[in-house]
Amino acid sequence: MLIHPQFDPIAVQLGPLAVRWYGLMYLAGFVAFLWLGKRRAASQPWHAMSAQDVDDLLFYGVLGVILGGRLGQVLFYEPGYYLAHPLEILAVWKGGMAFHGGMLGVFVAMALWGRKAGRTFFQVTDFIAPLVPLGLMAGRIGNFINGELWGRVADPSLPWAMIFPHVDRLPRHPSPLYQAAGEGLLLFAILWLFSARQRAVGAVSGMFLVGYGSLRFAAEYFREPDHGIFGVSYVVSMGQWLSLPMVLIGFWLLLRKPSAGK
């Protein structure tokens with residue numbers, strides 16, 4: 001049976017400055033966004049995006065991810081803890097970023113950038129949707145390195161069942177790696193291929209919502225449920241409740257007949 005390696009969360013220590021693996025994973029996601037975004041802008045002229053636009057989108061997106069992700073963690077999952085420890089809200093380097101909150105933060109940031117640049121909301125989100133999954137993969141690898149978001153108890157005969165010693169001595173699913181593979185690599189492949197030719201405005205965004213929401217909903221059955229605002233449930237977890245609207249909205253975007261430019 002595998003045992004979690006109990007990585008040191010600090011990758012590099014330079015005097016008082018500690019560079020954490022979790023932060024490096026976010027940096028890797030941002031670099032992937034830039035590289036893929038500039039390739040996408042150059043190869044898909046119908047988006048009319050420039051390299052400078054990609055730089056600006058990253059800046060707005062980073063703000064949305066950090067502010068939205070942290071507020072999502074505070075409001076959706078641990079309001080009681082952060083109410084008692086308000087200064088901990090600022091300690092983002094310790095982990096604790098909720099995807100659904102980060103997504104809402106990015107939506108707000110993209111709407112602001114689109115208004116400034118004269119683009120509609122879905123024109124912007126259609127462009128960035130395929131750029132996001134590799135960043136999600138990097139974030140889940142960061143969760144695994146931190147030894148957080150461990151999985152539910154697994155059959156001991158499962159070849160990759162893993163003990164997380166800081167949790168207990170039970171074999172568990174290494175669920176962050178499942179999510180890195182599904183919401184990261186698989187979703188990236190689906191969106192990159194789907195967006196390779198011009199689609200109706202909103203369709204690529206819809207595919208992202210359906211793909212992520214479905215894959216996250218499935219992955220939650222292997223992940224120890226979080227203490228959400230509705231309590232702990234092994235039937236429908238907080239992550240699943242938050243993913244359901246994504247899937248419904250995504251199907252609506254895929255099936256609707258959009259007006260020009262909307």
Side-chain angles (χ1 to χ4, degrees), residues 29 32-33 36-37 39-41 43-49 53-54 56-58 60-65 67-69 71-72 76 98-137 139 179 182-220 236-262:
F33 182 98
L36 292 171
R39 280 193 61 187
R40 187 159 160 75
S43 64
Q44 300 182 353
W46 59 80
H47 289 294
M49 292 284 187
D53 289 333
V54 176
D56 293 343
L57 284 168
L58 177 63
Y60 277 74
V62 167
L63 293 178
V65 166
L67 296 177
L71 286 176
F76 296 152
F99 167 79
H100 296 92
M103 181 185 68
L104 293 176
V106 168
F107 284 170
V108 172
M110 294 303 100
L112 292 174
W113 184 86
R115 183 175 181 181
K116 171 189 169 187
R119 309 290 178 86
T120 67
F121 176 74
F122 287 124
Q123 285 174 333
V124 179
T125 56
D126 281 354
F127 178 77
I128 69 165
L131 314 180
V132 172
L134 291 187
L136 299 180
M137 180 183 72
Q179 292 188 258
E183 301 153 21
L185 281 177
L186 178 58
L187 185 58
F188 168 72
I190 291 170
L191 289 174
W192 196 257
L193 293 172
F194 183 76
S195 64
R197 65 183 181 88
Q198 191 169 6
R199 303 281 181 177
V201 175
V204 177
S205 301
M207 182 62 75
F208 173 85
L209 292 173
V210 171
Y212 179 88
S214 301
L215 290 166
R216 174 65 182 270
F217 195 95
E220 286 283 326
V236 182
S237 69
M238 188 67 200
Q240 289 172 318
W241 281 119
L242 293 171
S243 297
L244 282 172
M246 295 180 65
V247 176
L248 295 176
I249 295 170
F251 274 121
W252 172 73
L253 287 172
L254 285 169
L255 298 175
R256 73 175 187 143
K257 295 180 179 179
S259 303
K262 300 296 184 181

Exercise for review: Please round to the nearest 0.5 Å and tell me the distance separating atom CH2 of Trp192 and atom CG of Leu36.
Suggested key: 5.0 Å
Practice item. Mind checking the CZ-CD spacing from Arg216 to Gln240? Nearest 0.5 Å is all I need. Key: 9.0 Å
Review point. Just wondering, do Arg119 and Asp53 contact through their side chains at under 4.5 Å, heavy atoms?
Key: yes
Point to revise | Under 3.5 Å: donor-acceptor pair, side chain of Gln44, backbone of Ser195 | key: yes
**Study point:** Contact check, side chains of Phe188 and Met137, non-hydrogen atoms, under 4.5 Å
**Key:** no
Review point. Closest approach of Ser205 and Asp126, non-hydrogen atoms and distance?
Key: OG-OD1, 2.6 Å
Study note, to complete from the structure: Of all heavy-atom pairs linking Phe194 and Ala203, the shortest is CE2-O, 3.7 Å
Check your understanding: Less than 4.5 Å apart, any side-chain heavy atom of Leu112 and any of Arg115?
Key -> no
Point to revise | Distance in Å, Met103 CE paired with Thr125 OG1, rounded so as to fall on 0.5 Å steps | key: 11.0 Å
Practice item. State, yes or no, whether a side-chain contact exists between Leu136 and Tyr212 at a heavy-atom distance under 4.5 Å. Key: yes
Exercise for review: Identify the two heavy atoms, one from Phe107 and one from Phe121, that lie closest to each other, and give their separation to 0.1 Å.
Suggested key: O-CE1, 3.4 Å
Review point. Within a reach of under 6.0 Å around CZ of Phe251, are more than 12 heavy atoms found that belong to other residues, nucleotides or ligands?
Key: no
Review point. For the residue pair Leu215 and Gly182, what are the closest heavy atoms and their distance?
Key: CD1-O, 3.3 Å
Review point. Can you name the closest pair of heavy atoms from Trp46 and Arg197 and give their distance?
Key: CZ2-C, 3.6 Å
Exercise for review: State, yes or no, whether a side-chain contact exists between Phe33 and Ile128 at a heavy-atom distance under 4.5 Å.
Suggested key: yes
Review point. With a 4.5 Å heavy-atom cut-off, do Val210 and Ile249 have their side chains touching?
Key: no
Exercise for review: Search all heavy atoms of Ala219 against all heavy atoms of Gln179 and return the closest pair with its distance.
Suggested key: CB-CG, 3.7 Å
**Study point:** Approximate separation, where rounding is to 0.5 Å, of Phe208 CZ and Leu131 CG
**Key:** 10.5 Å
Check your understanding: What distance separates Leu242 CG from Phe217 CZ, expressed to the nearest 0.5 Å?
Key -> 11.5 Å
Exercise for review: First locate atom CG of Leu253, then atom CE of Met207, and finally report the distance between them rounded to the nearest 0.5 Å.
Suggested key: 11.0 Å
